[in-house]
Amino acid sequence: MSDPRELYQQVILEHNKKPRNFGRLEPCTHRAEGNNPLCGDQLELTLFVKDDVVEEVRFQGHGCAIDVASASLMTTTIKGRRLEEVQLLADQFRAMVRGELDPAKEPNLLGKLSLFQGVRDLPVRVKCAVLPWATLHSALAGEDHASTE
Ligand code: ZN
């Protein structure tokens, strides 16, 4: 368990098998679909935002283990947070998977999400991990579609 790679594998497998916040919110205040043609990942994200706080968030779709685990962990992390924190998290997550931020050395809000640092060594997988965050960005910006291409 002390090996970060082992923990990463376990978290991915576990969230892939039992995704959190899976489904669709009705009604919702924000919604977007995202796809990653490179891998075939597709997801739909619905959010209920009130007073600048993410009160509820759900996702559904199909994708690879990294995409589903990333979406699942994203929803558990942003639920209950203020939009400005969510934006900061999105920026930090992207920077981390691109190798521009080392969560062990720089202050950040990532918490459990820092497990995804491992994908920066797998360029093809970076898009899978980022897709839920790109879709979130679109949803909050009022766009209905996000693509990693
Ligand atoms: Zn994928």
Side-chain angles (χ1 to χ4, degrees), residues 1-26 28-49 54 56-81 83 85-106 108-149:
M1 277 300 276
S2 54
D3 182 344
R5 272 170 311 176
E6 217 167 277
L7 187 60
Y8 165 74
Q9 294 274 2
Q10 276 183 8
V11 169
I12 297 234
L13 288 175
E14 210 265 323
H15 275 265
N16 190 46
K17 205 159 63 177
K18 255 177 63 183
R20 315 300 197 272
N21 303 307
F22 196 82
R24 183 169 211 247
L25 277 180
E26 199 79 66
C28 63
T29 57
H30 298 75
R31 181 192 165 277
E33 283 171 30
N35 70 335
N36 171 17
L38 202 68
C39 176
D41 306 315
Q42 283 185 316
L43 69 93
E44 181 200 40
L45 194 68
T46 44
L47 298 111
F48 194 88
V49 178
V54 177
E56 275 296 337
V57 52
R58 302 252 167 89
F59 80 99
Q60 64 181 12
H62 50 89
C64 66
I66 291 178
D67 169 58
V68 172
S70 175
S72 175
L73 259 177
M74 179 184 83
T75 60
T76 62
T77 309
I78 67 170
K79 199 166 156 178
R81 282 197 191 257
L83 290 179
E85 284 180 317
V86 169
Q87 191 53 56
L88 202 59
L89 270 166
D91 293 344
Q92 291 175 348
F93 188 85
R94 274 172 206 250
M96 175 185 71
V97 296
R98 287 176 183 159
E100 295 156 8
L101 180 144
D102 184 346
K105 292 184 183 141
E106 291 157 78
N108 62 80
L109 298 171
L110 293 165
K112 236 183 174 183
L113 293 169
S114 60
L115 289 171
F116 281 91
Q117 191 179 19
V119 301
R120 75 189 162 169
D121 302 321
L122 308 160
V124 180
R125 292 300 183 203
V126 169
K127 289 184 175 178
C128 302
V130 162
L131 179 65
W133 293 93
T135 310
L136 174 67
H137 179 81
S138 293
L140 293 176
E143 297 156 8
D144 60 7
H145 194 261
S147 174
T148 54
E149 292 306 301

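Just follow the structure's listing: the first ligand is 1, and inside any ligand the first atom is 1. Sequence positions, counted from 1, serve as the residue numbers for this chain. When reading the values below, keep in mind they use all heavy atoms of this one structure, side chains included, and skip hydrogens, waters and symmetry mates.
The side-chain contact (heavy atoms from CB on, under 4.5 Å) test applied to H30 returns L47, V49, A139, L140, not counting sequence neighbours. Scanning for side-chain contact (heavy atoms from CB on, under 4.5 Å) contacts around D102 gives A104, K105, E106, Q117, with sequence neighbours left out.
In this structure, the side chain of S114 does not engage the main chain of L110 through any donor-acceptor pair within 3.5 Å. Remark: side-chain polar atoms of R31 are not paired, donor with acceptor, to backbone N or O of T29 under 3.5 angstrom. For Q92 (side chain) and L109 (main-chain N/O), a donor-acceptor pair under 3.5 Å exists by modelled atom type.
Residue pairs that meet the side chain to side chain donor-acceptor pair (under 3.5 Å) test with at least one member in residues 124-134, sequence neighbours left out, are K127-E149.
At a cut-off of 2.8 Å, measuring from the Zn ion (ligand 1), the protein N, O or S atoms that fall short of it are C39 SG, D41 OD1, D41 OD2, C64 SG, C128 SG, waters left aside.
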